[in-house]
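Shown next, in structure tokens, is the structure this report addresses.
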Amino acid sequence: MPDRPRFYLTTAIAYANNAPGLHTVYEVIGADVIARWRRMIGDEARFLTGTDEHSVNIAQSAEAQGITPKAFVDQKVELFRAAEDELLISPDRFIRTTDPDHYRAAQEMVRRAYDNGDIYPGTYEGWYCPNEGFKAPSDLLETASGMQCPNHPGIPLQWLSERNWFFRLSAYQDRLLAHYDANPDWVQPEYRRNEMLGFIRQGLEDFSISRAGAAWGIPFPIAENGETARREDGSWDPEAGTIYVWYDALINYITGAGFPDDMAAFERWWPADLHVIGKDIARFHTIAWPAMLWSAGLEAPRHVWVHGWLLVQGGERMSKSRGNFLDPHAVVAAFGADGARYVTLREVAFDKDTEVSWDSFVRRYNADLANDFGNLVNRTVSMVNRYLDGERPAPRVAEESPLAEGWADTLRGYRERLDGYLLHDALAELWEFVRGANRTVDAEQPWTLNKQAKAGEADAARRLRDVLGDLVEACRLVGLAVAPFMPAAAPRILGQLGHDYPYAPDGNGGPDVRELLGWGAANAEGRVTSTPEPLFPRVESEVAATPA
RNA sequence: GGCGGAGUAGCUCAGUGGUAGAGCAGGGGACUCAUAAGCCCUUGGUCGGUGGUUCGAAUCCGCCCUCCGCUACCA
């Protein structure tokens, strides 16, 4: 029996210093849709998401609260998990950079880079905040009295240098260019690829991968003399410092595939098929990360998708620190989990920044879900009950049904958009079909056909069954196709139509959905529900008060 | 400064040479199966400015204005 195709995809891991905003879980929702689609088409999907938990900042925040860093991140991680549970996110593993196997993975990667001659001791210089450690130049304020840390304006910064380890990124410039050339679509969208190429062509510098002063991190496994930093009692020599940022965070993707504890699993899952990330960390994922992997004798990921940001009206980036964010909990409370997923992914283009607002979400929910699709299902089920005693007729054969003809185009477009990760466009394809189905109702006027049928007109009776059979089928197909986006609503939709829903809550376990998405693929007759409860109750904007 | 992208109806956007489009929002109408939903019609734009190329430009070229992205060590 041949193996099912596998599909390993990841999100960036979220910095566990705060409660998540919608802009943070946005990419997780999008990746979740891709994972569910893969499961439903029969792939063995592995979906990894999680949290990034080491940094001087986190250690400092914990200290300010009088708790250990681990206790601090444990609290924050629970907030992320709760938000993702509410949104029906379905990770196959939720990875934390404080997980023991991740420590082993990061240390092994450092060792491999060392063995390969790609890391060397050097001197790192920079502005040093006594409270936070070294600060990035882009994260400093230049004032009349000198450089200042934005978080500690009163405290003078020091220009310090320290010994730490550097990764020889410069050695990989040619290989990176060759890789970009040989794999034109490995970074998408294309304009992001071009930005990265431009960066590489400027010339790559080595970057530091350890910090001497930061205790809250993964112990650096090698002492400056090249010997192991592990002491006889099993502890790590603090003199060796800790692994800094990218040789910690990025490694999570291979930890999640089994590296280094379960190399059989790793062989199965690596290289990843897709990293879904935000544009702020594109450079690390598309330049540093492949080089780090090559240095360790591993393959680069197959694809990196760089999504945009949620902007508020006026174009400002949505962010926790600006206080202009949407609270995922409030969005779920207003629209339900399915509605929250739908409006977020329909309103925000997956390939670029988009301005959104609470009002735009309310309008989108009401127009698309309550009015167009929810009402279509409701009126269809209601008419089957009223005119046909609840007995669902089979759809016409595709050659005789105008809706079937439209569906073929819709499905093709939907799948193309999904495969291209243009999730918002994929939904637009489906809703174009929904509009057509609503037009069909008004054009055919089943209520008129019903009166004629009751008056004994056989042609009308036949046409009534044909039309309602087609409409039920249209609802089934949309409900099933949209299941990756609305995983809780899908079984309810099919249930109201009297159809089975053969998938587990995470999308696994059923037949290849592409077979079930054919017109008439589930045409056995049955009964619709006698009391169709509205799937997406209309939201009044007054009720949906301003969030957060 | 360099490279790249964008400025189109109230809003979000599509449209790369041939009489300005969609959805939403607003207005009107006919219907009634339905979540006062759906359907039909409709108001609304000198396509950032300017000068060119062309029989003809939102669409090509020049210049200008505005905004945004990348231009290395933040998670």
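All chains are named by letter (A, B, ...) in the order of the sequence lines, taking the proteins before the strands, and each is independently numbered beginning at 1. If you're wondering where the values come from, they're calculated on a predicted model, not measured in any experiment.
- For A:Trp407 and A:Tyr414, the ring centers are positioned 6.0 Å apart or more.
- For the pair A:Trp447 CH2 and B:rA34 C1', the computed distance is 9 Å after rounding to whole Å.
- B:rU32 and B:rC40 have their C1' atoms separated by 15 Å, with the value rounded to a whole Å.
- No engagement by A:Gly278 is indicated, since no non-hydrogen atom pair under 4.0 Å with the nucleic acid exists.
- With A:Glu162 contributing its side chain and A:Arg211 its backbone, the two residues share no donor-acceptor pair below 3.5 Å.
- Rounded to a whole angstrom, the distance from the P atom of B:rG45 to that of B:rG21 is 14 Å.
- The separation of B:rG1 from B:rG27, taken at their P atoms, amounts to 48 Å, rounded to a whole angstrom.
- Remark: B:rG62 base-pairs with B:rU50. Criterion, Watson-Crick or G-U wobble with two distances under 3.5 Å.
- At least one cation-pi condition fails for A:Arg341 and A:Phe485: the charged atom is not both under 6.0 angstrom from the six-membered ring centre and inside a 45 degree cone around its axis.
- Looking at heavy-atom distances under 4.0 Å, A:Asn378 makes contact with a base.
- When the C1' atom of B:rG23 is taken as reference, atom CG of A:Asn371 falls 13 Å away, rounded to whole Å.
- Residue A:Gly198 is classed as having no contact, given no heavy-atom separation below 4.0 Å to the nucleic acid.
- To the nearest angstrom, C1' of B:rC67 lies 12 Å from CG of A:Asp353.
- The residue A:Asp368 sits apart from the nucleic acid: no heavy atom pair falls under 4.0 Å.
- Rounded to an integer number of Å, the gap from CZ of A:Phe134 to P of B:rA75 is 13 Å.
- Side chain of A:Ser382, nearest nucleotide from B:rA34, B:rA37, B:rA72: B:rA34.
- Remark: B:rU16 base-pairs with no nucleotide; criterion is Watson-Crick or G-U wobble with both hydrogen-bond distances under 3.5 Å.
- No more than 12 heavy atoms of other residues, nucleotides or ligands sit less than 6.0 Å from atom CD of A:Glu63.
- Atom name C1', nucleotides B:rC31 and B:rA22: the rounded distance is 25 Å, in whole Å.
- The 5' end of RNA chain B is approached more closely, in terms of each residue's nearest nucleotide, by A:Lys451 than by the other of A:Ser55 and A:Lys451.
- Take the nearest nucleotide of RNA chain B for A:Arg364 and for A:Val434: the residue whose nucleotide is more 5' is A:Arg364.
- Nucleic acid contact class of A:Tyr387 (heavy atoms, under 4.0 Å, all strands): sugar-phosphate only.
- Straight-line distance from the CD atom of A:Glu444 to the C1' atom of B:rA34: 17 Å, rounded to whole Å.
- Using bins of under 30°, 30° to 60° and over 60° for the plane-to-plane angle, the ring pair A:Phe166/A:Tyr124 lands in the tilted bin.
- Pair check for B:rG26 finds B:rU42; Watson-Crick or G-U wobble, both atom distances under 3.5 Å.
- Using cut-offs of 30° and 60° for the angle between ring planes, the A:Trp246 and A:Phe284 rings count as parallel.
- For A:Leu204, the listed nucleotide lying nearest its side chain is B:rA72; candidates were B:rC33, B:rA72, B:rG38.
- Between A:Arg379 and B:rA37 there is no side-chain polar atom (N or O) within less than 4.0 angstrom of OP1 or OP2.
- For A:Asn375 and B:rA34, a side-chain-to-base donor-acceptor distance below 3.5 Å is present, hydrogens and geometry of angles not being considered.
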Heteroatom pairs (N/O) under 3.5 angstrom, protein to nucleotides 1-12 of chain B:
| unit_1 | atom_1 | unit_2 | atom_2 | d |
| --- | --- | --- | --- | --- |
| B:rU12 | OP1 | A:Glu355 | OE1 | 3.3 |

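- Rounded to a whole angstrom, the distance from the C1' atom of B:rU59 to that of B:rC47 is 10 Å.
- In this entry B:rA9 has no Watson-Crick or G-U wobble partner, no candidate having both defining distances under 3.5 Å.
- Taking atom C1' in both B:rG5 and B:rC13, one finds a spacing of 16 Å when rounded to whole Å.
- Geometric assessment of A:Arg175 against the ring of A:Trp294 yields a positive cation-pi assignment under the 6.0 Å and 45° thresholds.
- Under the 6.0 Å distance and 45° angle rule, A:Arg81 counts as a cation-pi partner of A:Phe94.
- Across all strands, A:Ser208 comes closer than 4.0 Å to base atoms (heavy-atom distances).
- Look at B:rA57: it lacks any Watson-Crick or wobble partner with both distances under 3.5 angstrom.
- Whole-Å rounding puts the A:Arg168 CZ to B:rA72 P distance at 22 Å.
- With ring centers used as reference points, A:Tyr180 lies under 6.0 Å from A:Trp186.
- A:Ile13 comes within 4.0 angstrom of no nucleic acid atom, judged by non-hydrogen atoms across all strands.
- Residue-level contact check: A:Arg538 touches the bases, meaning some heavy atom is under 4.0 Å from a base atom.
- Side-chain atoms of A:Ala249 lie closest to B:rA75 of the nucleotides B:rU35, B:rC74, B:rA75.
- By the 5.5 angstrom centroid cut-off and the 30-degree plane limit, A:Phe207 is classified as not stacked against the base of B:rC73.
- A:Ile67 meets the side-chain contact (heavy atoms from CB on, under 4.5 Å) test with A:Ala62, A:Gln65, A:Ala71, A:Phe72, A:Gln75; sequence neighbours excluded.
- If you check every strand for non-hydrogen atoms under 4.0 Å, A:Val245 touches sugar and phosphate atoms only.
- B:rA34 and B:rC41 have their P atoms separated by 25 Å, with the value rounded to a whole Å.
- For A:Leu311 and B:rC68, the CG to P distance is 11 Å, given to the nearest whole Å.
- The aromatic ring centroids of A:His54 and A:Tyr103 lie less than 6.0 Å from each other.
- Taking atom C1' on both B:rG69 and B:rG29, the two are 48 Å apart, rounded to the nearest angstrom.
- For the pair A:Asn17 and B:rA75, the criterion of a side-chain N or O lying under 4.0 Å from OP1 or OP2 is not met.
- Here the side chain of A:Phe284 is nearest to one of B:rC74, B:rC24, B:rG38, namely B:rC74.
- If you check B:rA75, B:rC33, B:rA72 against the side chain of A:Tyr15, the one that comes closest is B:rA75.
- Distance from the side chain of A:Asn438 is smallest for B:rG38 among the nucleotides B:rC33, B:rG38, B:rA75.
- Applying the Watson-Crick and G-U wobble criteria (two distances, each under 3.5 Å), B:rC70 pairs with B:rG2.
- Atoms CZ (A:Phe373) and P (B:rA34) sit 18 Å apart, rounded to a whole Å.
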